[in-house]
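Everything on this sheet refers to the single structure shown next.
Residue numbers start from 1 in every chain, and the chains themselves are labelled A, B, ... in the order their sequence lines are given, proteins ahead of strands.
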Amino acid sequence: MQYIDNIIFIIALIVGFRLFFKSLKEIYRNILLGRKIDRSDRPAERWATMGKVALGQSKMTKRPIAGILHIIVYVGFVIINLELLEIIIDGVFGTHRFLAGIFGNSFYNAFTATLEILALLVVLAVVVFFIRRNFYGVKRLTMKELFGWPKQDANWILIIEFALMAAFFTMNAADWSLQQKGAGEALGYYPVSSAVLGPLFGNFSEGALVILERGAWWFHFIGILFFMNYLYYSKHLHIIFAFPNTWFANLEKKGKFNNLASVTQEIKLMMDPNADPYAAAPEADPNAVPEKFGADDIFDLNQVQLLNAYSCTECGRCTAVCPANITGKKLSPRKIMMDTRDRLEEVGKNINKNGKFVDDGKKLIDDHIQREEIWACTTCNACVEACPVLIDPLSIIMEMRRFLVMEQSAAPQELNLMMTNVENNAAPWQYNQADRLKWASE
Amino acid sequence: MDFTLKTMAEYAAEGKSPEVLFWVGCAGSFDDRAKKITRAFCKILNKINVEFAVLGPEESCTGDPAKRAGNEFVFQMMALTNIEVLNAYDVKKIVTACPHCFNTLKNEYPNLGGNYEVIHHTQFLKQLMEEGRLKIEGGSFKGRKITFHDPCYLGRGNGEYEAPRMLLEKLDAELVEMKRCKTNGLCCGAGGAQMFKEPEKGAKDINVERTEEALSVKPNVIATGCPFCMTMMTDGVKHFDNTTVEVKDIAELLAEADDL
């Protein structure tokens, strides 16, 4: 019976990780629903971008308060998870504070003390985040599109992180108290938990302390597995996806919009002076899928755009700088990303249920994103510039404009007029091309 | 006409080619306010003997507003026609006072077979200054406050923030920055084909928001580097019934400094 702990531990570990990889596989499948796009060029620059932006958080500090707090939570969380390594070894082999033996006393003391200080900083940051989000009234964190699940999700993340840190401190404080009573080998140095929780635990019996220590240890471990699997349902997925997302980011100048090669072929044919206007149209391939311009659903977006949707943390820095949003229009770049992810999830669930996608009569456009949002964009790239993980909401807006104009001829009337003018007079206004030099003689 | 001007066709007829092609753009050709920018820029080039030409009636819209409205067909029709003309004249270097033309010619034409060195007029003027050909003395601007509104397609779109500022600093004026400037600049509201339609329903117009910000730093001049920004900021200043603040393109300010 003495191995029962270890067996339960190993089962929990395997179940936790299997569920996690199942979710990841599902997300990967969903991303593959998008159009292929080649973003394998300039790998050195891509690694550098990822290192700088995702690992180095270079864009986070543009808003210093949120940026510094975020870096504390990020660094704290990464380093505290080194401790997960020890938990796993202890859990599997039934050891206690295994790393102490490897590190030696003084280094292990420094290690545990560092973790404690980082954990304290994380707790402080999480508390400030919670206050900022719920009571302080930061505009981008209290907007309509966050009502419901997104707001709860944000709070759950903070609560879980707080609980994990609380368990960590409880575990250490109980262990420390046991050590004080001479009931355990003196391993590690716990400046925070011994000072804050230690006095509280002073009168506890040894048995109670053992239960407390074990309870917190299990809570911490199961909590981490739970949190890992919670990611799939949460905007917190960015802790993983920020990395591939920055790697696959668009490296071109922001002003450069992509070229539709299929259109080029057509126009070149149209403009070719040697083309025979009476020639019979070439035999069409009956199996060819007709080219569709732009996007009305996630299937027409590219895979990087879908990866963008999963990487979005809903921080709203994009929306906070969007000129349309600032002046009260319906467009919110963050909502574009949230809608894209919602639709992608809807399609994913449909596939889970039916084995393949069965038309549900819905589209990303109209059912999620309104035309009014799409037409309010000034293509100024402020949202793209603001995103801390290099998401490109503008590219999605542009694909939808292309769909509305080239597939549906559904542009606002004034834009139709402008486009007719460009086509007929080579200027967006109704002037004669022959008059293009009149400015010189006025 | 108080400056000399030749077209590419005229240069070609003489068997010569100019140093640079000045791409005037639709606004620069037809919009009454923007025409003044066009003329100011020509006067500066004249003064320092830069050989330049325009396409005149052979120029078309670059296709920028059509592309950004989502109409790739019309865009490419314009682009491929323009590229044929430009390549026929063997154009190497293009300067334009419109960041939208600049961006499209520079970034979107290469994919369609149009490869040129494309620069914004502020970049060209900066080049000329560094080469010692253009001398800027801005005595008349001493003590005046200028704020620069970054055009999105010059700034965030192409990363150029310094050239316009460097020219303005040479004017001896006090350059004051708005809170939202450079990478954080706020759009004037005209980009992405918004110039050609009524804005969507909202609390206020974007150009009003932006002009409010510009006016809050109490400038004498709001400097622009884009004909569309010019329209939007001018309308904004009118909206606030402000008759003291001028909206001027950088080329106009330089021409004014030189009394051209």
Distance in Å, B/Leu80 CG paired with A/Thr264 OG1, rounded so as to fall on 0.5 Å steps: 6.5 Å

By residue number, those in residues 101-109 of chain B with heavy atoms under 4.5 Å from heavy atoms of chain A are B/Asn103, B/Asn107, B/Glu108

Heavy-atom distance under 4.5 Å to chain A: side chain of B/Thr62, backbone, both or neither? neither

Using a 6.0 Å cut-off, check whether atom CD of A/Gln430 has over 12 heavy atoms from anything other than its own residue. no

For a quick test of reading the model, state the closest non-hydrogen atom pair linking A/Val405 to B/Ala69 and the distance between them. CG2-O, 3.1 Å

For B/Met77, is it the side chain, the backbone, both or neither that has a heavy atom under 4.5 Å from a heavy atom of chain A? both

Highest number of heavy-atom pairs under 4.5 Å with chain A among B/Ala34, B/Ala190, B/Cys152, B/Gly155 belongs to B/Cys152

When A/Pro412, A/Gly328, A/Ala324 are compared by non-hydrogen pairs under 4.5 Å with chain B, the top option: A/Gly328

Max heavy-atom pair count under 4.5 Å with chain A, selected residue of B/Gly202, B/Pro65, B/Gly63, B/Cys26: B/Cys26

Heavy-atom contact with chain A under 4.5 Å, split by part of B/Val24: side chain

Is there a side-chain contact between A/Val321 and B/Asn184 in this structure, where contact means two heavy atoms from C-beta onward sitting under 4.5 Å apart? no

If you count heavy-atom pairs within less than 4.5 Å of chain B, which of A/Gly294, A/Ala427, A/Pro428 leads? A/Pro428

If one checks every heavy atom of B/Glu198 against chain A at 4.5 Å, the contacting part turns out to be both

Pair B/Ser29, A/Lys438: side-chain N/O donor-acceptor within cut-off below 3.5 Å: no

B/Ala79 versus chain A, the contacting section by heavy-atom distance below 4.5 Å: neither

First locate atom CD of B/Glu213, then atom CD1 of A/Ile326, and finally report the distance between them rounded to the nearest 0.5 Å. 8.5 Å

Check whether any side-chain heavy atom of A/Arg436 lies under 4.5 Å from a side-chain heavy atom of B/Val54, and answer yes or no. no

Give a yes or no on whether A/Lys253 atom NZ has more than 12 heavy-atom contacts from other residues, nucleotides or ligands under 6.0 Å away. no

Could you tell me whether the side chain of B/Arg39 and the main chain of A/Ala440 form a donor-acceptor pair under 3.5 Å? no

The interface call for B/Gln194 against chain A, heavy-atom contacts under 4.5 Å, is side chain

Where on B/Arg180 is there a heavy atom nearer than 4.5 Å to chain A: the side chain, the backbone, both, or neither? side chain

What do you reckon, is CD1 of A/Ile65 surrounded by more than 12 foreign heavy atoms closer than 6.0 Å? no

With a 4.5 angstrom heavy-atom cut-off, which part of B/Cys188 approaches chain A: side chain, backbone, both or neither? neither

Highest number of heavy-atom pairs under 4.5 Å with chain A among B/Lys204, B/Arg210, B/Arg68 belongs to B/Arg68

Polar side chain donor-acceptor pair, A/Thr379 to B/Tyr153, under 3.5 angstrom: yes

Contacting moiety of A/Phe293, where chain B heavy atoms sit under 4.5 Å: side chain

Bottom line for B/Lys67: the part with an atom under 4.5 Å from chain A's heavy atoms is both

Most heavy-atom pairs under 4.5 angstrom with chain B, which of A/Leu415, A/Leu437, A/Leu331? A/Leu415

Please determine, among A/Asn381, A/Asn425, A/Ile397, A/Leu394, the option with the most heavy-atom pairs under 4.5 Å with chain B. A/Asn381

Under a 4.5 Å cutoff for heavy-atom pairs, which residue among B/Lys35, B/Glu209, B/Glu72 has the most contacts with chain A? B/Glu72

A/Glu414, A/Met418, A/Met419 screened by side-chain contact (heavy atoms from CB on, under 4.5 Å) with B/Phe196, the one that passes: A/Met418

Value for CZ (B/Phe30) from CH2 (A/Trp429), rounded to nearest 0.5 Å, stands at 9.0 Å

B/Ile206 vs A/Lys329, side chain to side chain contact (heavy atoms under 4.5 Å, CB included): CA-CA, chis, key distance, verdict: CA-CA 10 Å; B/Ile206 294 171; A/Lys329 285 141 191 101; 4.1 Å; yes

When you look at A/Lys62 and B/Thr183, which way does the side chain to side chain contact (heavy atoms under 4.5 Å, CB included) test go after all the steps? CA-CA 11 Å; A/Lys62 265 219 149 175; B/Thr183 52; 2.9 Å; yes

Kindly assign one of parallel, tilted or perpendicular to the pair B/Phe22 and A/Trp439, based on the angle between their ring planes and the thresholds 30° and 60°. perpendicular

Heavy-atom distance under 4.5 Å between the side chains of B/Glu200 and A/Lys330, does that happen here? no

Which bit of B/Gln76 is near chain A, if near means a heavy-atom gap under 4.5 Å: side chain, backbone, both or neither? both

So which part of A/Asn432 gets closer than 4.5 Å to some heavy atom of chain B, the side chain, the backbone, both or neither? backbone

For B/Leu186, which atoms come within 4.5 Å of any heavy atom of chain A: side chain, backbone, both, or neither? side chain

Under a 4.5 Å heavy-atom cutoff, which of B/Glu59, B/Glu58, B/Lys201 has the most pairs with chain A? B/Glu59

Positions in residues 254-261 of chain A that reach chain B, provided some heavy atom is under 4.5 Å away: A/Lys254, A/Gly255, A/Lys256, A/Phe257, A/Asn258, A/Asn259, A/Leu260

Of the listed A/Met270, A/Lys268, A/Met271, A/Glu252, the one with the largest count of heavy-atom pairs under 4.5 Å with chain B is A/Met271

Spacing of A/Glu423 atom CD and B/Phe73 atom CZ [to the nearest 0.5 Å]: 10.5 Å

